[in-house]
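Report on one structure; see the data block that follows.
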Amino acid sequence: MRKVLGKAFFERKTALVAQALLGKFLVRKIGGKVVREMITEVEAYIGPHDLASHASKGRTTRTEIMFGEAGTLYIYFVYGMYWMLNVVTEGKNYPAAILIRSTENYKGPGVLTRELKIDGKLNGQRLGKSSGLWIESDLKIENSKLKIHRSARIGVSYAGKIWSKKLLNYKILSSSNT
DNA sequence: AGCAAGATCGGT
DNA sequence: CCGATCTTGCTG
């Protein structure tokens, strides 16, 4: 049985939501087709002091969305080529989001968005069927049975001694179900 | 107005 | 390791 995750799921502590997202399914509707991909790696960006997070620069045109409602899509362009897919977490005015880095078939955040046709047009929209992009749980997959590995976030060496080393990258090592 | 850097990727 | 490629935010 499947269930679409709503605002309440994302309106919790970001580290908690990050772990909970592993084993969930990212669903993308492209034309008439629906693609379902199990999320295998995510990264948390938490609060106004996290130097790895865009939000550490405060409210700007770009970061405003991170200060918004849980479940909102934060999608930005990097390196002149790739779109990064994030979901806003926690309460309003507290900037936090989770970067969806990989799914079973798509390794890496840039590849993921390229293959699922996700770009800036979705920036600021709510995760959900109306935007054609949502996340579902599948009761067959029990998150508690997943082996999860935490490590430092990727590509954030600019974030200083403390923040570049926080163990906010979460990935599935293996699972006893599926 | 100009500039440096970037939550990446694929090829050497 | 290196280049591709372009938006963003900061400086002046």
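Keep in mind that this is a model prediction, so the values were computed, not measured. Labels below follow one simple rule: chain letters A, B, ... track the order of the sequence lines, proteins then strands, and each chain is numbered from 1.
- Sequence neighbours left out, not one pair with a member in residues 1-27 of chain A passes ring pair (Phe, Tyr, Trp, His ring centres under 6.0 Å).
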Tabulated below should be each protein N or O lying under 3.5 Å from an N or O of nucleotides 6-9 of chain B; please produce it.
{"unit_1": "B/dG6", "atom_1": "N2", "unit_2": "A/Y79", "atom_2": "N", "d": "3.4"}
{"unit_1": "B/dA7", "atom_1": "OP1", "unit_2": "A/H54", "atom_2": "NE2", "d": "2.5"}
{"unit_1": "B/dA7", "atom_1": "OP2", "unit_2": "A/Y158", "atom_2": "OH", "d": "2.5"}
{"unit_1": "B/dA7", "atom_1": "N9", "unit_2": "A/Y76", "atom_2": "OH", "d": "2.9"}
{"unit_1": "B/dA7", "atom_1": "N7", "unit_2": "A/A52", "atom_2": "O", "d": "3.4"}
{"unit_1": "B/dA7", "atom_1": "N7", "unit_2": "A/H54", "atom_2": "NE2", "d": "3.3"}
{"unit_1": "B/dA7", "atom_1": "N1", "unit_2": "A/N86", "atom_2": "OD1", "d": "2.6"}
{"unit_1": "B/dA7", "atom_1": "N3", "unit_2": "A/Y76", "atom_2": "OH", "d": "3.0"}
{"unit_1": "B/dT8", "atom_1": "OP1", "unit_2": "A/R101", "atom_2": "NH1", "d": "3.2"}
{"unit_1": "B/dT8", "atom_1": "O3'", "unit_2": "A/G110", "atom_2": "N", "d": "3.4"}
{"unit_1": "B/dC9", "atom_1": "OP1", "unit_2": "A/G108", "atom_2": "O", "d": "3.3"}
{"unit_1": "B/dC9", "atom_1": "OP1", "unit_2": "A/P109", "atom_2": "N", "d": "3.0"}
{"unit_1": "B/dC9", "atom_1": "OP1", "unit_2": "A/G110", "atom_2": "N", "d": "2.8"}
{"unit_1": "B/dC9", "atom_1": "OP1", "unit_2": "A/V111", "atom_2": "N", "d": "3.3"}
{"unit_1": "B/dC9", "atom_1": "O4'", "unit_2": "A/Y82", "atom_2": "OH", "d": "2.9"}

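- In this structure, A/I162 belongs to a hydrophobic cluster whose other members, linked by side-chain heavy atoms under 4.5 Å apart, are A/L51, A/W163.
- Residue pairs meeting the salt bridge (Lys or Arg N to Asp or Glu O under 4.0 Å) criterion with at least one member in residues 97-123 of chain A, sequence neighbours excluded: A/E41-A/R101, A/E43-A/R101, A/D119-A/K121.
- Think of A/L139 as one node in a network of Ile, Leu, Val, Met, Phe, Trp and Tyr side chains linked at under 4.5 Å; its network also takes in A/M1.
- Where DNA chain C meets chain A (any atom under 4.0 Å from a heavy atom), the bounding nucleotides read 5' to 3' are C/dA4 to C/dG9.
- Both key distances under 3.5 Å define a Watson-Crick or G-U pair, and stretches of 3 or more such consecutive pairs in DNA chain C run B:1-6 with C:6-11, B:8-11 with C:1-4.
- Proximity of A/Q125 to A/S130: side-chain heavy atoms (C-beta onward) are nowhere separated by under 4.5 Å.
- Pairs passing the salt bridge (Lys or Arg N to Asp or Glu O under 4.0 Å) check and including a residue from residues 52-64 of chain A, sequence neighbours excluded, read A/R59-A/E64.
- Residues that satisfy the side chain to side chain contact (heavy atoms under 4.5 Å, CB included) test with A/K13, not counting sequence neighbours, are A/L16, A/E90.
- With sequence neighbours left out, A/K3 forms a salt bridge (Lys or Arg N to Asp or Glu O under 4.0 Å) with no residue at all.
- Here salt bridge (Lys or Arg N to Asp or Glu O under 4.0 Å) pairs that include residues 69-81 of chain A, with residues two or more places apart or in two chains, are A/K7-A/E69, A/E69-A/R126.
- Legend: residues meeting ring pair (Phe, Tyr, Trp, His ring centres under 6.0 Å) with A/Y76, ordered by chain and number and at least two apart, are A/H54, A/Y74.
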